[in-house]
K.L.:
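I am attaching a structure below and will ask some questions about it afterwards.
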2 protein chains.
Amino acid sequence: MAMGPRDVAVLAELRLRDATRPELAAATGFSKPTISEAIVSLEAAGLVVNRGRTAGAVGRNPRVYAINARASLVAGVDIGGTNTRVAVADLHGQILAERHERTTGSRVQQQVRRLIRQVHKEATAVLGGDGCALASIVVSTPGVIDRGSTQARFAYNVRTDGIIDLTALRDRLDPPLRVENNVNLAAVGEARAGVAEGVGTFVHLAIGAGIGLGIMHGGRLLRGAHGAAGEIAYLPLGRRPLAKEHRASGNFEAETAAAGLLDRAQSARWDADPPQDVAELFHRAEQGDRAARRLVADEGRRIGLAVVAVCSVVDPELVVLGGGIGRNQLLLESVSQTCAELLPAPSPVVTSTLADRGSLIGAVLSAVDDAWSLLQSNPKEASS
Amino acid sequence: MAMGPRDVAVLAELRLRDATRPELAAATGFSKPTISEAIVSLEAAGLVVNRGRTAGAVGRNPRVYAINARASLVAGVDIGGTNTRVAVADLHGQILAERHERTTGSRVQQQVRRLIRQVHKEATAVLGGDGCALASIVVSTPGVIDRGSTQARFAYNVRTDGIIDLTALRDRLDPPLRVENNVNLAAVGEARAGVAEGVGTFVHLAIGAGIGLGIMHGGRLLRGAHGAAGEIAYLPLGRRPLAKEHRASGNFEAETAAAGLLDRAQSARWDADPPQDVAELFHRAEQGDRAARRLVADEGRRIGLAVVAVCSVVDPELVVLGGGIGRNQLLLESVSQTCAELLPAPSPVVTSTLADRGSLIGAVLSAVDDAWSLLQSNPKEASS
DNA sequence: TCCTTTTATTCGGTTACCTTACTAACGTAT
DNA sequence: ATACGTTAGTAAGGTAACCGAATAAAAGGA
């Protein structure tokens, strides 16, 4: 049932680029006859298609083969604090249909199930009716997720009583479903379709309503012993690391994430009214407002300290700032400067370009990986 | 030349425990005839020896096979700030001979070469003359080592002008030589022969003359993008993370490592004379001296903050404290308490038991691994 | 037109496994 | 003691996945 190493190697190569048989032979190290056999079996399984021949060169023109990206579909789901997003993509990770709605606190599982059905239908329509079943689903949520679990635990969370449980969702859906931390998935997104493309070792620091860190090391996610790696809400930074007020939820997060920043903004002196939310604060800073700029620079220094701490521990090649707060370009300067001052060899710091879709994109791409490894262990499906 | 997967699997199993052919068949999943073939070829290569038969059970008594640990020898070298240690071990990592000398600042390479020769000769004598060549050498040094390099760089170091270069040493020695950071190797030591045996994901925090962190994640060393993971001298902790005085060498290290602790000790109030060195400080604290205990508790809180920072980033299963300062039991309480106060799920904190030989032992065990992977790619040597 | 170049397939052979069936060695019950 | 059951090891034959070499097919250019 499981396909052999030669088929796996050929598929891996074709996922990188379309290729001819001689190219595949050179790339995989297998002989030409072996590659031909692999092509035959993969074509029969519907995983590989012929894209015609090249032309122009001397000698017989080779046929070009490519992944059949429509062999199955996958879904990515991002359950956020405010929005829940669902996307359905083909095996290249190309998103065919996508929707979002406000998250319903208690009925998340039904909501997600309905959204998946709807988006799947839309994707099928996009493909012109010859759609096919979902091969895998990856769900992004905040919280700490034990390996293989469908439960996300929070040390402290008002909305959900400390837990999000997607067990019922998994049991009611046909394709295998995996739950992964949202910040980790955002890092995957950056690694495969964002500013960290081609960078094996980097961190993605997300600052928004909360604060979290996704760590990619040598192309692999770093999850830690209990899936809690990157839960840096508790970093003992700042003037009062031992303060008792926000210990439960983490002093650093309380100071640095949206609530803390807004607090400081509202108790600062303003020419006009204080800003109502963080977006307005950054908007004013962009307009040149002195008070706003000072607050942003201060926030940048705060974040900079976290970046310094993280860099000294994991030595990334790149630091990506994301999340509602972190993705503001205005922060870059003071963050970079803090690093430059405190680190002997500071890593470059850049801003995420995936906006608020990082986790969703990471979920989709992870689902693609899951689908491929499933297909490789039992290649029996084919539809288009 | 390279040995096949069946031989590799059999060797891997035998490295864990001696075993009979049926046991090997069950453990590796290969059939009995295949195991027999593997045994024949491995015995011929001198890598496996017959240890006789079991007796007592009903049925024919199986032969027991074991790794031939004497098939080659390996060397571990630890170049420390004050002492340079060399050990030669067999393929089980069993140390057969060991020496240490004070490190000679400039002539390290010659010194190490001489020590290796001497210790190798001693080890050969221990084996009763039928010794054999060294198959691999791993050298432990402080500093940041680029992948595959023989140079260790320091952001800041008085003794060595910022670099230790072992290229000449490697070129003059026959067996392959690998250079690795001393704290990383100490973590390897803890993982394989220390308090972290069987723990896949843990950190080893070494505090002595300097301060460093070795990170083990899922059984693998975490080196970071430039080999600088765990260089936590620059952690922006404490009251004045931005202080300029010790930026070059790292404020956290300056405060927390030996020099900083001694500074504080000497400017504290004492009934008698202030302690001359860190060892004396801890000795007095053990005797119950109030001032000493206060300083130790304060140091523990300082270290505790670093542990909290590290735990929130990498989520280890265990924290091991080592190094001349870190291994003092007296610190444990205040470190653990700081973690308990600031982390929602604090990892247990324990003290290293390898004393100042952690890096050496890690170097030896890494050299054993290197030797095995070399033997697996070209198994031609055999001696005893 | 034929020749050169490159692609694709066919064919025979090797390797590394497997299963089955046997022989060898041991403890124990008769 | 001898026969018997159990377990270890070996011999023989089969199969799948690969290889290299030879050959057939398809293209451009002399």
Side-chain angles (χ1 to χ4, degrees), chain A residues 1-14 17-45 47-67 375-380, chain B residues 1-14 17-45 47-67 375-380:
Chain A
M1 185 111 328
M3 71 177 55
R6 78 172 182 209
D7 297 28
V8 170
V10 168
L11 277 180
E13 189 61 27
L14 284 178
R17 57 183 175 96
D18 297 356
T20 67
R21 299 194 205 195
E23 283 167 359
L24 288 170
T28 62
F30 287 108
S31 69
K32 286 184 289 172
T34 303
I35 295 297
S36 290
E37 279 181 42
I39 294 279
V40 167
S41 86
L42 291 173
E43 235 175 344
L47 297 176
V48 157
V49 290
N50 187 345
R51 280 235 182 291
R53 330 178 84 90
T54 58
V58 320
R60 178 172 175 179
N61 293 10
R63 286 187 280 241
V64 179
Y65 292 90
I67 288 294
L375 286 173
Q376 286 173 3
S377 50
N378 61 338
K380 44 188 166 192
Chain B
M1 187 112 327
M3 69 176 57
R6 82 177 178 204
D7 297 25
V8 170
V10 167
L11 277 179
E13 189 59 29
L14 285 178
R17 57 182 174 97
D18 297 357
T20 68
R21 298 194 206 196
E23 282 167 0
L24 289 169
T28 62
F30 287 108
S31 68
K32 284 187 294 171
T34 303
I35 295 298
S36 288
E37 279 181 43
I39 293 280
V40 168
S41 86
L42 291 173
E43 237 176 339
L47 297 177
V48 158
V49 290
N50 186 346
R51 280 236 183 291
R53 328 176 86 91
T54 59
V58 320
R60 178 172 173 180
N61 293 6
R63 286 184 280 236
V64 180
Y65 292 90
I67 288 295
L375 285 174
Q376 285 174 1
S377 51
N378 61 338
K380 44 186 166 192

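Letters A, B, ... are given to chains in the order of the sequence lines, protein chains preceding strands, and every chain is numbered from 1.
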K.L.:
Whether A:Ser36 contacts C:dT9 is assessed here as follows: a side-chain N or O lying under 4.0 Å from the phosphate OP1 or OP2. Is that the case?
P.N.:
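For C:dT9, OP1/OP2 do have a side-chain N/O of A:Ser36 under 4.0 Å.
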K.L.:
How many angstroms lie between CD in B:Glu43 and CG in B:Asn50, if you round to the nearest 0.5 Å?
P.N.:
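B:Glu43 CD to B:Asn50 CG: 6.0 Å, rounded to 0.5 Å.
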K.L.:
Measuring from the side chain of A:Arg6 (C-beta onward, heavy atoms only), which nucleotide among C:dC18, D:dC18, C:dT10 has the closest atom?
P.N.:
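My answer, after comparing the listed nucleotides, is D:dC18.
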K.L.:
Please state whether the phosphate of D:dT10, meaning OP1 or OP2, lies under 4.0 angstrom from any side-chain nitrogen or oxygen of B:Arg21.
P.N.:
yes
K.L.:
Only one of A:Glu23, A:Arg51, A:Arg21 clears side-chain hydrogen bond (donor to acceptor under 3.5 Å, both in side chains) with A:Tyr65; which?
P.N.:
A:Arg21
K.L.:
Counting side-chain heavy atoms from C-beta on, which of C:dA8, D:dC19, D:dT6 comes nearest to A:Arg63?
P.N.:
C:dA8
K.L.:
Would you mind reading off the distance between B:Lys32 atom NZ and C:dC17 atom P, rounded to a whole angstrom?
P.N.:
18 Å
K.L.:
Looking at C:dT20, D:dG9, C:dT7, which one has an atom nearest to any side-chain atom of B:Pro22?
P.N.:
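Of the candidates, D:dG9 comes closest.
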K.L.:
So, OP1 or OP2 of C:dT7: does either fall under 4.0 Å of a side-chain N or O from A:Thr20?
P.N.:
no
K.L.:
Does any part of the side chain of A:Met3, heavy atoms only, come nearer than 4.5 Å to the side chain of A:Leu47, both counted from C-beta?
P.N.:
yes
K.L.:
From C:dC18, D:dG9, D:dT6, pick the nucleotide closest to the side chain of B:Pro62?
P.N.:
D:dG9
K.L.:
What I want to check is whether an N or O donor and acceptor connect the side chain of B:Arg60 with the base of C:dA24 at under 3.5 Å.
P.N.:
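Yes, a donor-acceptor pair under 3.5 Å.
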